[in-house]
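Below is one structure, written out as structure tokens; the observations come after it.
In this text the structure is predicted, and so the values were computed from the model without any measurement.
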Amino acid sequence: MIRIDAVWLAVEPIDMRAGTERLLASVVQVFGAAQAHHGYLFANARSSRIRLLVHDGFGVWCAARRLNKGSFEWPRNVAADAAPLALTKDQFDALVLGLPWQRLEQMRVITRM
């Protein structure tokens, strides 16, 4: 089992032909360093494919997921100098399933109409 203590989201799209080395270079460029037991999420321009890069303390793991229809809920129009986005476990689980992870807290409560 790969331990992941934190998941960070890169908002700028990346070419999905990029291999592990290029993704690792992007992590260092965007986040400053690849921390052990942290995961870094990337998406393509259409947000139909995502890649997760995880540094386990010894090496780097890369996982990919693709949607045949639709797209992942990915933040758009985020300023280049904005702080990196950290995801909770619930947000990460929702994102990977293609659910609206940004509205999880709002979806937990049903109010009167």
Side-chain angles (χ1 to χ4, degrees):
M1 176 142 239
I2 301 169
R3 185 178 113 203
I4 302 175
D5 296 335
V7 177
W8 300 91
L9 193 97
V11 294
E12 290 295 317
I14 193 160
D15 185 353
M16 283 295 133
R17 295 174 292 183
T20 305
E21 299 300 323
R22 198 154 96 191
L23 285 174
L24 186 58
S26 294
V27 167
V28 172
Q29 178 183 6
V30 173
F31 300 99
Q35 302 292 326
H37 308 293
H38 284 213
Y40 302 92
L41 270 172
F42 298 90
N44 64 344
R46 293 184 307 199
S47 301
S48 60
R49 297 171 186 244
I50 59 173
R51 288 232 175 136
L52 173 67
L53 192 75
V54 178
H55 175 29
D56 67 359
F58 298 103
V60 178
W61 294 83
C62 185
R65 184 164 176 106
R66 175 184 72 149
L67 293 177
N68 292 324
K69 288 185 178 180
S71 61
F72 292 100
E73 293 285 330
W74 211 260
R76 300 282 182 213
N77 303 326
V78 178
D81 60 346
L85 294 174
L87 300 179
T88 65
K89 182 185 179 328
D90 289 340
Q91 289 174 324
F92 173 73
D93 292 343
L95 185 146
V96 171
L97 292 174
L99 299 174
W101 61 272
Q102 295 150 321
R103 298 190 323 250
L104 278 183
E105 290 304 317
Q106 297 165 348
M107 295 171 60
R108 292 182 200 270
V109 178
I110 298 175
T111 59
R112 200 177 245 188
M113 297 178 89

Please report the closest heavy-atom contact between L95 and F72, naming both atoms and the distance. O-CD2, 3.1 Å
Listed by chain and number, what are the side-chain contact (heavy atoms from CB on, under 4.5 Å) partners of D93, not counting sequence neighbours? K89
Minimal non-hydrogen separation, G70 against S48, with atom names: O-CB, 4.0 Å
Got a sec, which residues hit side-chain contact (heavy atoms from CB on, under 4.5 Å) with P13, two or more places apart in sequence or on another chain? A45
Give the minimum heavy-atom separation between V54 and G39, together with the two atoms involved. CG2-CA, 4.0 Å
ILVMFWY cluster, L87 and L67 together (side-chain gap under 4.5 Å): yes
Tightest non-hydrogen contact, residues A64 and R51, listed as CB-NE, 4.0 Å
Tightest non-hydrogen contact, residues S47 and A43, listed as CA-CB, 4.4 Å
What residues, two or more places apart in sequence or in another chain, satisfy side-chain contact (heavy atoms from CB on, under 4.5 Å) together with L85? L9, V11, P75
Partner residues of S26 under the side chain to side chain donor-acceptor pair (under 3.5 Å) criterion, sequence neighbours left out: none
For residues 58-68, which residue pairs pass the side-chain hydrogen bond (donor to acceptor under 3.5 Å, both in side chains) check, not counting sequence neighbours? D56-W61, R66-N68
Donor-acceptor contact below 3.5 Å, side chain N44 vs main chain R49: yes
Shortest non-hydrogen pair, I50 vs W74, comes out as CG2-CZ3, 3.6 Å
Which pairs with one or both residues in residues 16-39 pass salt bridge (charged side-chain N to carboxylate O under 4.0 Å, His left out), sequence neighbours excluded? D15-R17, D15-R22
Joining Ile, Leu, Val, Met, Phe, Trp and Tyr whenever any side-chain heavy atoms lie under 4.5 Å apart, the cluster holding V30 also takes in W8, I14, M16, L23, L24, V27, F31, Y40, F42, L53, V60
